[in-house]
Amino acid sequence: MPELPEVETVVQTLKPRLIKETITAMKILFPKMVKTDSSVFQTKPIGQTIQDIHRKGKFIIFELDTDVLIFHLRMEGKFFIKKDEPFDKHEHLVLYLSSGRTLRYHDFRKFGTAHLLPIETYQEVSPLNQVGPEPKDTNLHQYYVRIKDSKRPIKAILLDQTKMSGLGNIYVDETLFQARIHPERKAVDLKEKEVVNIVLAAREVLAKAVALGGTTIRSYTSSLGVHGRFQNELKVHTKAGEPCPVCGTPIIKIKVTGRGTYVCPKCQK
DNA sequence: CCCGTGCCCTGGCGGC
DNA sequence: TGCCGCCAGGGCACGG
């Protein structure tokens, strides 16, 4: 499940391989993933050159000459660069490139999305205008003010990409463990210092995960994927029954707003 | 406006 | 061994 560190790793991997490639053709194998008018999506990128690749939150942005191609990988999306091999059944979108290679979007759960938007305005419209700053760019006091009246559990707020972007289920659990805050605490009951500590913890957790290339929980053989090493650093996520690395109390798994959640019942208050 | 729920999808796993 | 049913989960539409 790619979160900010995994998406960043994908961007850094794709960039040197795809910059200055021109898109010569496109094949859409799973039309539902395309969220822009399909005739526009299919024809407008042809002849345009990939000038840059970057991301906002968990969205990957391919900057072309006059438009941007925006992908969201959701849980299982990944890219492969291949020659003229036959299509895999999970490849849903194929870009043909001027070098003769193909860029393939692969997603066996079919949750990922693709948009094509004009380069001048894409930041002001959906989906990217819904994406808040990531933790390192979040103003601590402003964030506290923004969430302080909410009765929702802090975990739900940290997963809300409009308020702050980049955290998913894994890194929220790790962030709240590091900050010693229980995921079910309501935002309205948190002191400003606690909220500040949570954002600071998120910055640290994400920075370390980016440095290690993200987290690979399920092992896939991927030619162009995430071979992250942060899974070795996880303190609570997926650790149900194992001792808390701080106090030794067994980690428990609970459900918070529908999400599987790992917590140390002693350390996190 | 705010919040909770259901939906999308399919590989993998538990249960029998 | 094989099959069935359910779970996982990010973001969005929808309804209260």
Side-chain angles (χ1 to χ4, degrees), chain A residues 1-8 10 28-36 55-61 70-78 87-93 105-115 117 122 125-135 143 145-176 183-190 202 206 209 214-222 225-226 231 234 236-241 252-263:
Chain A
M1 53 205 86
E3 304 175 34
L4 185 154
E6 292 74 36
V7 174
E8 177 65 20
V10 170
I28 301 171
L29 300 159
F30 179 61
K32 279 183 76 173
M33 77 170 290
V34 174
K35 303 302 178 184
T36 304
R55 64 165 184 82
K56 182 173 181 189
K58 307 177 195 171
F59 288 89
I60 298 176
I61 302 160
I70 302 172
F71 287 88
H72 196 299
L73 308 178
R74 288 296 210 278
M75 269 74 73
E76 306 292 348
K78 46 183 67 73
F87 299 136
D88 182 276
K89 65 185 266 206
H90 300 301
E91 291 172 351
H92 305 316
L93 186 65
Y105 178 74
H106 178 288
D107 185 354
F108 72 75
R109 278 197 186 148
K110 298 186 173 174
F111 270 27
T113 59
H115 293 76
L117 293 168
Y122 75 94
V125 299
S126 177
L128 293 189
N129 66 342
Q130 307 296 319
V131 178
E134 55 193 69
Y143 185 67
V145 170
R146 180 125 191 244
I147 73 169
K148 72 180 180 56
D149 296 325
S150 174
K151 296 186 176 68
R152 304 175 76 199
I154 184 62
K155 173 158 182 173
I157 291 177
L158 292 171
L159 288 171
D160 181 344
Q161 303 295 300
T162 67
K163 296 185 171 63
M164 188 164 76
S165 69
L167 293 175
N169 207 33
I170 297 173
Y171 296 113
V172 165
D173 284 358
E174 295 298 310
T175 292
L176 288 172
E184 289 176 312
R185 289 273 298 280
K186 292 172 181 165
V188 70
D189 295 331
L190 292 170
L206 290 178
T215 301
T216 309
I217 286 185
R218 302 155 200 262
S219 54
Y220 287 102
T221 49
S222 55
V226 179
Q231 61 275 15
L234 295 175
V236 289
H237 194 81
T238 72
K239 304 292 186 186
I252 58 169
K253 184 180 184 184
I254 60 175
K255 250 197 194 330
V256 181
T257 51
R259 299 273 183 251
T261 300
Y262 298 85
V263 56

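Bear in mind the structure is a predicted one, so any value in this text is a computation, not a measurement. Just so we're on the same page: letters track the sequence lines, and every chain starts at 1.
The nearest whole Å value for the distance from the NZ atom in A:Lys110 to the P atom in C:dA8 is 22 Å. Between A:Glu3 atom CD and C:dG10 atom C1' there is a gap of 10 Å when expressed in whole angstrom units. Going from atom CG of A:Asp107 over to atom C1' of B:dC8 covers 11 Å, rounded to whole Å. Rounded to whole Å, the distance from CG on A:Asn169 to P on C:dC7 is 16 Å. One interatomic measurement links the two molecules: CD of A:Glu76 to P of C:dG11, which rounds to 14 Å at whole-angstrom precision. The CZ atom of A:Arg74 sits 12 Å away from the P atom of B:dC9 (whole-angstrom rounding). Rounded to an integer number of Å, the gap from CE of A:Met75 to P of B:dC9 is 12 Å. The CE-P distance, from A:Met33 to C:dG10, rounds to 17 Å in whole Å.
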For residues 152-162 of chain A, dump all side-chain donor-acceptor pairs below 3.5 Å to protein atoms at least two apart in sequence or in another chain.
| from | atom 1 | to | atom 2 | distance (Å) |
| --- | --- | --- | --- | --- |
| A:Lys155 | NZ | A:Asn169 | OD1 | 2.7 |
| A:Lys155 | NZ | A:Asp173 | OD1 | 2.8 |
| A:Lys155 | NZ | A:Gly260 | O | 3.4 |
| A:Lys155 | NZ | A:Thr261 | OG1 | 2.8 |
| A:Asp160 | OD1 | A:Thr162 | N | 2.9 |
| A:Asp160 | OD1 | A:Thr162 | OG1 | 2.7 |
| A:Asp160 | OD2 | A:Lys163 | NZ | 2.9 |
| A:Gln161 | OE1 | A:Gly166 | N | 2.9 |
| A:Gln161 | NE2 | A:Leu159 | O | 3.1 |
| A:Gln161 | NE2 | A:Leu167 | O | 2.9 |

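For the OP1/OP2 pair of B:dT10 and a distance below 4.0 Å, the side-chain nitrogens and oxygens of A:Lys89 include no atom meeting the criterion. Proximity of A:His72 to the phosphate of C:dG10: no side-chain N or O atom is located under 4.0 Å from OP1 or OP2. Taking side-chain N and O atoms only, A:Lys58 has a distance below 4.0 Å to OP1 or OP2 of C:dG11.
Residue contacts shown for A:His90 are limited to sugar-phosphate atoms, with no base heavy atom under 4.0 Å away. Contact annotation for A:Lys255: backbone-only contact, meaning every heavy-atom pair under 4.0 Å involves sugar-phosphate atoms and none involves a base.
At a threshold of 4.5 Å between non-hydrogen side-chain atoms, the residues A:Val263 and A:Leu176 do not count as touching. Looking at heavy atoms from C-beta onward, A:Val131 lies in side-chain contact with A:Leu128 at the 4.5 angstrom threshold.
Put simply, CD on A:Gln231 and OG1 on A:Thr238 are 9.5 Å apart, with the number rounded to the nearest 0.5 Å. Separation of atoms OH (A:Tyr122) and CD1 (A:Ile61) is listed at 4.5 Å; rounding is to 0.5 Å.
Among the nucleotides C:dC12, C:dG10, B:dG11, the one closest to any side-chain atom of A:Pro127 is C:dC12.
A:Glu174 is linked by a salt bridge (Lys or Arg N to Asp or Glu O under 4.0 Å) to nothing, counting only residues two or more places apart in sequence or in another chain. Residues forming a salt bridge (Lys or Arg N to Asp or Glu O under 4.0 Å) with A:Glu91 (at least two apart in sequence, or on another chain): A:Lys82, A:Arg104.
Under the 3.5 Å distance criterion, the side-chain polar atoms of A:His92 are matched with a main-chain donor or acceptor of A:Asp107. When atom types are taken as modelled, the side chain of A:Thr36 and the backbone of A:His115 share no donor-acceptor pair closer than 3.5 angstrom.
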Any chance you could lay out the side chain to side chain contact (heavy atoms under 4.5 Å, CB included) test for A:Met33 and A:Lys110, step after step, and finish with the verdict? CA-CA 7 Å; A:Met33 77 170 290; A:Lys110 298 186 173 174; over 6 Å; no
Apply side chain to side chain contact (heavy atoms under 4.5 Å, CB included) to A:Phe59 and A:Gln130, showing your working. CA-CA 11 Å; A:Phe59 288 89; A:Gln130 307 296 319; over 6 Å; no
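Within residues 151-164 of chain A, the residues approached by DNA chain B to less than 4.0 Å at the level of any non-hydrogen atom are A:Lys151, A:Arg152, in residue-number order. Against DNA chain B, the stretch residues 256-263 of chain A makes no heavy-atom approach under 4.0 Å.
When A:Val10, A:Leu93, A:Thr113 are each tested for a side-chain contact (heavy atoms from CB on, under 4.5 Å) with A:Phe71, only one passes: A:Leu93.
The side-chain ring of A:Phe108 is not stacked on the base of B:dG11, judged by centre separation under 5.5 angstrom and plane angle under 30 degrees.
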Would you write out the dot-bracket form of DNA chain C, 5' to 3', with Watson-Crick and G-U pairs under 3.5 Å, [ ] for crossing pairs, | for pairs to other strands and . for unpaired bases? .|||||||||||||||
